[in-house]
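This report refers to the structure that appears directly beneath it.
On a predicted model such as this, the values are computed, not experimentally measured, just so you know. Note that these values count all heavy atoms, side chains included, but never hydrogens, waters or copies made by symmetry. First the proteins, then the strands, lettered A, B, ... as listed; each starts at 1.
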Amino acid sequence: MIRIQTDDFDVGQELKKISSVDNSIGAVCSFVGLVRDFSGPRDNEGEDDKISSMTLEHYPGMTEKQLAKIEEDARSRWELSDVLIIHRIGRLEPKDQIVLVMTASMHRDAAFDAARFIMDFLKTEAPFWKKEETGSGSKWVEAKSSDAGNSKGWEK
Amino acid sequence: MIRIQTDDFDVGQELKKISSVDNSIGAVCSFVGLVRDFSGPRDNEGEDDKISSMTLEHYPGMTEKQLAKIEEDARSRWELSDVLIIHRIGRLEPKDQIVLVMTASMHRDAAFDAARFIMDFLKTEAPFWKKEETGSGSKWVEAKSSDAGNSKGWEK
Amino acid sequence: MKVLYFAWLKEKTGIGEEDISLPQGITNVEGLMEFLKNRGGGFEKAFSDISMVRVAVNMEHVKILTPLKDSDEVAFFPPVTGG
Amino acid sequence: MKVLYFAWLKEKTGIGEEDISLPQGITNVEGLMEFLKNRGGGFEKAFSDISMVRVAVNMEHVKILTPLKDSDEVAFFPPVTGG
């Protein structure tokens, strides 16, 4: 299931829902991405570069389409009982939750692999853009080349 | 932090605590193991083999010592802001949560790797034993050889 | 055709979305980018370095030599940074 | 020395814990297992196939040739199945 929302989410509640789907679920892997208060390598930045807030923009329609494709791809690679992807949009502050990927399976290897796979592809395929506000102004976050490398690693 | 307890845990609450430790945390990976209602390959078992409950025994003292060692080992391999391991003991029923491993880091690769590493070693090093109750009696769960293989894979 | 702009491409062009007819002689994404850049002003800035621009046609990521037809939805945006 | 039994070793021997003196001539884990097995009854059953038994000395996993001293805490149990 894919959810794009401005509201926060509760991982405990989502876990309760997903684990009650089926008595065969033995493993649930959950990944949560959080807003940090800095963006680059930590020691290169002064107080002015501390992030006070962040705004997440997306491409409605394409986001859901790309995430559904990633979910489907994960389900074809691993035996998964359920998959949940929640991504927040709008204004967020340091420590806020941005994204949740939750994968449920009979086996822990499948749950771990699938969650990581989904995060790697979400980072390179899902049309979200972050703009950070700092003491010295606002700027669009630049993509990391390591993210492109991570999703390439899954190609068969 | 290591906790051995009979009580259930709330992953959402634990996540809130761990992510408020430090504004540099960008990634939290949580693994939850759940009680399934069957143990072997699914289609080999009839109604009588359905698990009605399970009892978890452990070796007090050694459990904490082994888990602390696994946590320390994970912290030496990856840059982690925090680590939480909760393992329940006593009587559990299908769908109940058994174990939580939660790892917080600046980066998602470290969080994923560390959580998986801890689970792999917990499965082979931490002195817990499961006894399953089914319609046809009770039996001690046998260790899976795949678990031993998983923890060997991390050896340097 | 519907053309969409996101993140700093939206800020530079000053618009999020517009409806245009596929211009005469333009057959692919690269041609459309050149056409938009030639409008000058914010569009020239937005497309000054096309190595910084990513494209989706009908909500799928595509390369710049992808052919276009008038019914397509084309979106321009920087490399994604979600998650 | 303190000797502990867990899971089905506890069920077969009928005890979870006992205090014994390191028996004369016993120098390592293997010797102690042989000694316990020779008690007969539940102990003989518990140690009938030592490939099924795992050992910890002072709460560390050890191999069966590990030497023992009288102040050690020794535990016998099946392969672990937590998580």
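- Residues of residues 67-83 of chain D lying within less than 4.5 angstrom of chain B, judged on heavy atoms, are D:Glu73, D:Ala75, D:Phe77, D:Pro78, D:Pro79, D:Val80, D:Thr81, D:Gly82, D:Gly83 in numerical order.
- The local environment of CD in D:Glu18 is crowded, with over 12 non-hydrogen atoms from other residues, nucleotides or ligands closer than 6.0 Å.
- When the heavy atoms of residues 96-103 of chain B are compared with those of chain D, the residues falling under 4.5 Å are B:Ile98, B:Val99, listed by number.
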Do any side-chain atoms of residues 41-51 of chain D form donor-acceptor pairs under 3.5 angstrom with protein atoms, and if so which ones, sequence neighbours left out?
| unit_1 | atom_1 | unit_2 | atom_2 | d |
| --- | --- | --- | --- | --- |
| D:Ser48 | OG | D:Lys45 | O | 3.2 |
| D:Asp49 | OD1 | D:Ser51 | N | 3.0 |
| D:Asp49 | OD1 | D:Ser51 | OG | 2.7 |
| D:Asp49 | OD2 | D:Ser51 | OG | 3.3 |

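- Heavy atoms of other residues, nucleotides or ligands lying less than 6.0 angstrom from CD of B:Gln5 number more than 12.
- Contact check for D:Glu60 versus B:Met62: no side-chain heavy atoms found under the 4.5 Å cut-off.
- At a 4.5 Å heavy-atom cutoff, B:Lys144 makes no contact with chain D through either its backbone or its side chain.
- For a heavy-atom cut-off of 4.5 Å, chain D lies close to B:Met119, B:Leu122, B:Lys123, B:Thr124, B:Glu125, B:Ala126, B:Pro127, B:Phe128, B:Trp129, B:Lys130, B:Lys131 in residues 119-133 of chain B.
- The distance from atom OH of B:Tyr59 to atom CZ of D:Phe6, rounded to the nearest 0.5 Å, is 5.5 Å.
- Interface remark: D:Glu11 contributes side-chain atoms only to the contact with chain B (heavy atom separation under 4.5 Å).
- You'll find the side chain of D:Met59 stays beyond 4.5 Å of the side chain of B:Glu64, heavy atoms only.
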